[in-house]
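One structure is given here, and the rest of the page talks about it.
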Amino acid sequence: MTHPTEAAPTVAAAVVARDGAVLLVRRRARPPGWALPGGWIETGETAARAAVRETREETGVCVTAGECVGQRTHPVSGRRIAYIACAVAGGTDPTPRVAAPAEIDGVVWAPVERLSGYLREVYAPVRKHLESCPNAYRLDLVGIARDVERGLRLAWDGDPEDPAFDLLRSRMREHITALAAPSEEYGRDLPGRPGEVVRDTVRYARRIVALRGDDGVATLVRLSRLTETLASYVIAGRGDR
């Protein structure tokens, strides 16, 4: 709620958190560099609706708005900003793209624990909100390995009508979704062709997760192998840090 003595916000910023990562855009205009998606609040528009609209217009990602994390006058731009907690809309593709090339030239799911490598400063209420979200680096990688082993064993000699097939396919999709952001960050740090291979694998994994309708044995094998690969990237990334 805005205090009576405070000016109403003119800009909305979307704090889109997902699996230990936050959605960022790299702006061309001043001040240039990485920032949260967002923009001007139009006449008759709420800050929440502006955050949803701007995220879609800049990154192509569809989100739903939650609470207002906080408001402040930005120390660099001097604009009054409302920070809106957002989540990727259910059933939509979370893969961002440069949807407004005149305004931005990069998009990324940045791991929360490496946010200082992207942003010069993080508004304290925003940081508190992000640190309260699930973090992919805290995943039980041993448990993931067990799920991968179960998935491959079931695909090899199990009954495709067994309800465990659906359960494991669902779990693999959840694992891939959680592992994608830190895997992508690991690939971004690798120079040359190795980094390209990692990033291409992450993009492919996200596309497979988004597919529905083909839930046969081959899909379980593919999801299991992709989960195993992305988990290895996360482990490698931990070692690099």
Close side-chain approach of [X] and [Y], heavy atoms under 4.5 Å:
X      : Y      : value
Ser224 : Met172 : yes
Val221 : Trp156 : no
Arg169 : Leu154 : no

Glu228 bridged to Arg225 by N-O distance under 4.0 Å
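Counted as a salt bridge, because a side-chain N and a carboxylate O are separated by less than 4.0 Å.
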
Looking at Arg193 and Glu196, is there a salt bridge between them, counting it only when a charged N and a carboxylate O are closer than 4.0 Å?
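Counted as a salt bridge, because a side-chain N and a carboxylate O are separated by less than 4.0 Å.
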
Only pairs at least two apart or in different chains count here, so list each ring pair (Phe, Tyr, Trp, His ring centres under 6.0 Å) that has a residue in residues 83-122.
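Qualifying pairs, neighbours excluded: Trp34-Tyr118, Tyr83-Tyr123.
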
At what distance, to the nearest 0.5 angstrom, does [atom1] of [X] lie from [atom2] of [Y]?
X      : Y      : atom1 : atom2 : value
Ile144 : Ile176 : CD1   : CD1   : 10.0 Å
Thr95  : Arg206 : OG1   : CZ    : 5.0 Å
His175 : Leu223 : NE2   : CG    : 11.0 Å
Arg203 : Glu184 : CZ    : CD    : 7.5 Å
Arg97  : Glu58  : CZ    : CD    : 12.0 Å
Cys62  : Arg53  : SG    : CZ    : 14.0 Å

[X] atom [atom1]: more than 12 heavy-atom contacts under 6.0 Å:
X      : atom1 : answer
Arg72  : CZ    : yes
Arg146 : CZ    : no
Arg27  : CZ    : yes
Arg120 : CZ    : no

For [X] and [Y], which heavy atoms make the closest approach, and how far apart are they?
X      : Y      : result
Val202 : Ser183 : CG2-CB, 3.7 Å
Trp40  : Arg79  : CH2-NE, 3.6 Å
Val69  : Pro125 : CG1-O, 3.2 Å
Leu230 : Leu179 : CB-CB, 3.9 Å
Thr55  : Ala14  : OG1-CB, 3.1 Å
Pro96  : Leu23  : CB-CD1, 3.8 Å

Say whether Leu190 and Val197 are linked into one hydrophobic cluster, either directly or through other cluster members, by side-chain heavy-atom distances under 4.5 angstrom.
no

In terms of hydrophobic clustering (I, L, V, M, F, W, Y; side-chain heavy atoms under 4.5 Å; direct or indirect links), are Ile84 and Val126 co-clustered?
no

Backbone of [Y] reached by a side-chain donor or acceptor of [X] within 3.5 Å:
X      : Y      : result
Thr92  : Ala89  : yes
Arg188 : Arg199 : no
Arg26  : Asp105 : yes

